[in-house]
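Notes follow the structure.
Nothing here was measured: the structure is a model prediction, and the numbers come from that model. Below, each value reflects all heavy atoms present in this structure, side chains not excepted, and no hydrogens, waters or symmetry copies. Throughout, protein chains are lettered first and strands after them, A, B, ... in sequence-line order, and every chain is numbered starting at 1.
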Protein chains: 2
Amino acid sequence: MLSRSKTVDFLREIPVFSGLEQTALERICMQAHDLDAVKAKLLFVSGDPAEFFYVIKSGWVKLFRETLDGNVAIIDILTTGHMFGETSIFEDGAYPYSAEIVEDAAIIALPLADLKQEIENNQQLALAMLTSMARYRKQQEQEIEHRTMQNAPQRIGCFLLRLTRQNETGPVTIHLPYDKTLLASRLGMQPETFSRALSKLKEATGIRVKGATIELDNLEQLTNYSCAACSSEFPCKDIAASSS
Amino acid sequence: MLSRSKTVDFLREIPVFSGLEQTALERICMQAHDLDAVKAKLLFVSGDPAEFFYVIKSGWVKLFRETLDGNVAIIDILTTGHMFGETSIFEDGAYPYSAEIVEDAAIIALPLADLKQEIENNQQLALAMLTSMARYRKQQEQEIEHRTMQNAPQRIGCFLLRLTRQNETGPVTIHLPYDKTLLASRLGMQPETFSRALSKLKEATGIRVKGATIELDNLEQLTNYSCAACSSEFPCKDIAASSS
DNA sequence: CGAGGGTTTGAAGTGCATCAAATAGTGTGG
DNA sequence: CCACACTATTTGATGCACTTCAAACCCTCG
């Protein structure tokens, strides 16, 4: 079936699956189904029985939980090439967070049972998952550091840098991938703080802001300002997404 | 050799190694050596070539990095049954953080190469590592949430709760495991803030503080106060440490 | 054009950080 | 066992960053 083989091809572009043999990938994709979802759709909520894991072809997805006193904690915001829900393999069979579409998305749903079985029987996949987990872990450490060491304008600058190809020289144009309110909560601040912090960043570094579009003359403008408060070698990398 | 077999016995108590066959554990422990270290000793610094990973028998170890502008970011503070340095398997062969003893410790050093080889050849161990990584990942998510949703007194209360056996009823005595300055940075606040926040917690919940010893009449005192701002089911669990 | 959400701006408050200094606690040598 | 030196902790005063509440503005889309 054509769509099946396209799914296999897509997964092969994702680091965690790229080293697998064709037949292994095909086993995982056997029960795959595509779904298109519009903004604001809830894919699942925390506590739902976990049957599928998901891979994003395009669009943006928000993972979050709600606290007892009614606030919302953002776990992560993901896009093309990212995978989510797969950690339920190591859980009690329920999703530990809710997932909502924040920008219209094309998504592949795959049975967790098939992934689990493949991991248990396929050393290569188990190792690839380990590598992927380790990378994610490192990134979370970085996230914690950012939130404690960087102030609001620096966090925004750092986020912008991670939206670029990080070896670029010369002028760059960045387009914010989702709305500023959500971006604010992604960075752990209020929308009002985001707005003011962006102004401060503009003033401090000379970037130009027009709505969701941001231009800068060179990346150094931002790295000098944002990366001073960080322990990482300059480019704070994000999880390697799809190579596409 | 007696000490060798004791090492094996100790590792077996740690979840990630507990399911391994005796021979596999012995291979990992082949080159083990014990070391006793006093407070303030640096085990390694960020960037050092990574040759060993470590398992803590007793004492406390601080993992940290330094930022370009000279601040210190605490990665984690670990104790009995915890393992560190093992993520260098998935790195470029250098430690991504520094490690310092903060309370006199007995530690086992084991060659990374042996662990790496065993993971690559032993499906069981690879799966156990995956489970362990997933648990750690979940805990880091929690850490991020705590820092954004809880205020300083709540974070302290939550930390105290995680020092208890969480199903206890009736009065409990808690002893702070390391000094308050370090504890403050572990919780992402200044020492002065810690001191004042502890007073506020005392006033709000009725706990009794005498130096590093804290008494409470029951855990509910604290959970009501601290866990409201959190999305987790009551007990915020820590990584399962040694079962000892 | 008008409704509604996203975004910005203003004013005021809160929590935490910072700087400075006092106090408590600990280990040392006498 | 005491006095001293040194560190950990607390307390006070002040400032700044971020939040909160409120209102205006802007943009898009029916």
The side-chain hydrogen bond (donor to acceptor under 3.5 Å, both in side chains) partners of B:S132 (sequence neighbours excluded) come to none
Next item on the list: Check every strand shown and say whether A:T181 touches a base, only sugar-phosphate, or nothing at a heavy-atom separation below 4.0 Å.
Entry: sugar-phosphate
Side-chain ion pair, A:D34 and A:K57, N-O less than 4.0 Å:
yes
In terms of heavy-atom contacts, A:P153 and A:L201 come closest through O-CD1, 3.6 Å
On a heavy-atom basis, the closest approach of B:V61 and B:A99 is CG1-CB, 4.3 Å
Neighbour count above 12 (heavy atom, 6.0 Å) for A:E220 CD: no
- Query: Using 4.0 Å as the upper bound for N to carboxylate O, is an ion pair formed by A:K62 and A:D76?
  - Reply: no
Rounded to whole Å, CD of A:Q154 lies from C1' of D:dA17 at a distance of 12 Å
Rounded to whole Å, NZ of B:K39 lies from P of C:dT26 at a distance of 11 Å
Taken in chain and number order and not counting sequence neighbours, the residues that satisfy side-chain hydrogen bond (donor to acceptor under 3.5 Å, both in side chains) with B:N71 are none
Here the salt bridge (charged side-chain N to carboxylate O under 4.0 Å, His left out) pairs for residues 143-153 of chain B, sequence neighbours left out, are A:R65-B:E145, B:E143-B:R147, B:E143-B:R186
Nearest heavy-atom approach of B:M83 to B:V16 is CE-CG1, 4.0 Å
A:D179 CG to C:dT8 P, in whole Å, measures 11 Å
Considering only heavy side-chain atoms of B:M189, the closest of D:dA8, C:dA17, C:dT7 is C:dA17
With sequence neighbours left out, the residues meeting side-chain hydrogen bond (donor to acceptor under 3.5 Å, both in side chains) with B:N151 are none
Walking DNA chain D from its 5' end, the first of B:Y178 and A:T193 to be reached, judged by nearest nucleotide, is B:Y178
Contacts of A:E91 meeting side-chain hydrogen bond (donor to acceptor under 3.5 Å, both in side chains) (sequence neighbours excluded), chain-then-number -> B:K138
Going 5' to 3' through nucleotides 21-30 of chain D and flagging B where a protein heavy-atom sits under 4.0 Å of the base, S where only the sugar-phosphate is that close, and - otherwise, we get BB--------
From CG of B:L182 across to C1' of D:dT9 the rounded distance in Å is 14 Å
Contact check, residues 144-153 of chain B vs DNA chain C, heavy-atom distance under 4.0 Å, returns B:N151, B:A152
Axis-to-axis angle for the helix from C:dC1-D:dG30 to C:dG30-D:dC1, ends of five pairs each, to 10°, equals 30°
In whole angstroms, the gap separating P of D:dA17 from CZ of A:R155 amounts to 13 Å
Looking only at heavy atoms, the pair that brings B:E66 and A:S231 closest together is O-CB, 3.2 Å
Contacts satisfying salt bridge (charged side-chain N to carboxylate O under 4.0 Å, His left out) that involve residues 198-208 of chain B (not counting sequence neighbours) are B:R208-B:E215, B:R208-B:D217
Here the distance between atom C1' of D:dT9 and atom CG of B:L176, to the nearest Å, is 12 Å
Note: contacts of residues 60-73 of chain B with DNA chain D (heavy atom, under 4.0 Å) are none
Expected list for residues 197-214 of chain A near DNA chain C, using heavy atoms below 4.0 Å, is none
Output a table of donor-acceptor pairs, distance under 3.5 Å, between side-chain atoms of residues 37-50 of chain B and any protein atom two or more places apart or on a different chain; print 'none' if there are none.
residue: B:D48; atom: OD2; partner: B:V45; partner atom: N; Å: 3.1

Show your working on side chain to side chain contact (heavy atoms under 4.5 Å, CB included) between A:I77 and A:F64 and close with a plain yes or no. CA-CA 9 Å; A:I77 297 177; A:F64 65 100; over 6 Å; no
In short, B:G59 meets B:T79 closest at the heavy-atom pair O-OG1, 2.7 Å
Within less than 4.0 Å of OP1 or OP2 of C:dT7, is there a side-chain N or O belonging to A:S195?
-> no
